[in-house]
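Every chain is numbered from 1, with letters handed out A, B, ... down the list of sequences. The model shown is predicted, which means the values in this text are computed figures rather than measured ones.
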2 protein chains.
Amino acid sequence: MSDKPVPAISSAELEVIKTLWDRGPMAARDVFAALPEGHGWAIKTVKTLLSRLVAKGAVTYEQVGNSYLYQPAVTREQVTRRELKGFVEHVLDGRLMPILHFIEGSADLSDAEIAQLEKILEKQRKGSAE
Amino acid sequence: MSDKPVPAISSAELEVIKTLWDRGPMAARDVFAALPEGHGWAIKTVKTLLSRLVAKGAVTYEQVGNSYLYQPAVTREQVTRRELKGFVEHVLDGRLMPILHFIEGSADLSDAEIAQLEKILEKQRKGSAE
DNA sequence: ATCTATAGCCTACACGTGTAGTCGTTGTCA
DNA sequence: TGACAACGACTACACGTGTAGGCTATAGAT
């Protein structure tokens with residue numbers, strides 16, 4: 001069961017792996033093509049980032065013809081959770097209020113988000129009811 | 001009114017400026033002494049970090065005797081907000097659900113946090129009521 | 001069978017950061 | 001008034017990261 005630790009992923013690498021999460025396994029040139037417009041990267045840069053992701057164990061590949069089909073080895077949820085945890089611990093020192101203020105300042109929340117908020121409240125009331 | 005942009009603050013620098021936020025203006029050696037135990041830094045390291053914070057405009061100082069009394073030039077709220085915004089934009093792509101799940105997974109929330117959650121919900125209901 | 005575009009691998013380089021050391025100056029104690 | 005401790009300025013250096021170029025092998029087109 002030993003969960004491999006989710007590696008740290010830099011911000012440029014994150015843009016690349018996001019593409020893989022969103023569109024599934026693909027070759028380097030397709031990642032390049034699929035990146036949001038205006039990123040301004042050379043394809044070489046994207047390839048470097050893919051290699052680094054592989055080196056970190058965040059991405060794997062399968063050889064197809066003379067090229068690789070890259071695919072994520074960690075899920076978006078794993079990475080998101082890791083980053084969120086680190087952020088809350090190290091930047092916020094575990095405090096949640098700044099986040100709650102931030103959310104308060106957000107424009108409309110979706111129905112799902114509102115439902116989630118209600119769920120949290122309910123859970124808290126239940127947990128402390130005694 | 002030109003708000004100076006809040007500078008990016010690295011994680012080691014953050015530990016240092018937190019000390020200033022928590023305990024007010026102090027000399028380098030006092031910052032060093034006030035850091036959480038077990039940080040393992042040399043005092044030289046702390047001084048370097050203070051200098052870098054000054055260079056970034058995050059901290060200012062006033063000369064007293066032969067040393068400086070350092071004090072924050074940006075507030076904890078400014079920095080927290082800046083980091084939170086960046087995090088939500090770049091890591092979460094603006095999605096709030098991961099945060100809400102994280103909060104759900106937290107142990108007990110404080111009364112203040114629960115009140116804030118209720119406030120958010122109320123505000124959302126009001127905003128969309130029409 | 002040959003050519004060429006493209007692939008991945010390795011290398012490069014500047015900048016921020018973590019982590020500290022050296023050096024010249026100066027406040028302070030004896 | 002002289003010695004010394006402590007200060008800040010400057011320097012150092014390795015590592016991660018952003019950003020890409022060169023090199024060699026080869027898949028695929030003709």
- DNA chain D contacts among residues 11-21 of chain A, heavy-atom distance under 4.0 Å: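 A:S11, A:A12, in order of number.
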Going from [atom1] on [X] to [atom2] on [Y], what distance comes out if it is rounded to the nearest 0.5 angstrom?
X      : Y      : atom1 : atom2 : answer
B:L35  : B:K18  : CG    : NZ    : 10.5 Å
B:K119 : B:E113 : NZ    : CD    : 14.0 Å
A:R82  : A:I9   : CZ    : CD1   : 8.0 Å

- Query: Just how far, in rounded Å, is P of D:dT24 from CG of A:N66?
  - Reply: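 From A:N66 CG to D:dT24 P: 18 Å.
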- Message: Near DNA chain C, counting only heavy atoms under 4.0 Å, which residues of residues 35-62 of chain A show up?
- Response: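 Result for residues 35-62 of chain A: A:K44, A:K47, A:R52, sorted by number.
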- Item | Strand-adjacent residues in residues 67-76 of chain A, judged by heavy atoms under 4.0 Å from DNA chain C |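 Heavy-atom contacts with DNA chain C come from A:S67, A:Y68, A:Y70.
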- Query: Can you name the one residue among B:V46, B:L49, B:I17, B:I43 that meets side chain to side chain contact (heavy atoms under 4.5 Å, CB included) with B:V31?
  - Reply: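 Of the listed options, the one satisfying the test is B:V46.
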- Query: Salt bridge between B:K123 and A:D108, side-chain N to carboxylate O under 4.0 Å?
  - Reply: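 Answer for the salt bridge query: no.
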- Message: Using modelled atom types and a 3.5 Å cut-off, is there a donor and acceptor pairing between side-chain atoms of B:W41 and backbone atoms of B:A12?
- Response: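 Not confirmed, B:W41 side chain does not pair with B:A12 backbone.
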- So, does A:E89 use its side chain to make a donor-acceptor pair with the main chain of A:G86 at under 3.5 Å?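 Not at all, since once roles are kept as given, no pair shorter than 3.5 Å links the two residues.
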- Message: Pick the closest DNA chain D nucleotide for A:I9 and for A:G65 by heavy atoms, then say which residue is nearer the 5' end.
- Response: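 The 5'-side residue here is A:I9.
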- Between A:I114 and B:I120, is there a shared hydrophobic cluster once you connect ILVMFWY residues whose side-chain heavy atoms come closer than 4.5 Å?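 Yes.
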- Task: Please work out whether the ring planes of B:Y68 and B:Y61 are parallel, tilted or perpendicular, with thresholds of 30° and 60°.
- Result: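 Geometry flag for B:Y61 against B:Y68: parallel rings.
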- Query: Where do B:A73 and B:G57 come nearest, in terms of heavy atoms and distance?
  - Reply: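 Taking every non-hydrogen atom into account, CB-O, 3.5 Å.
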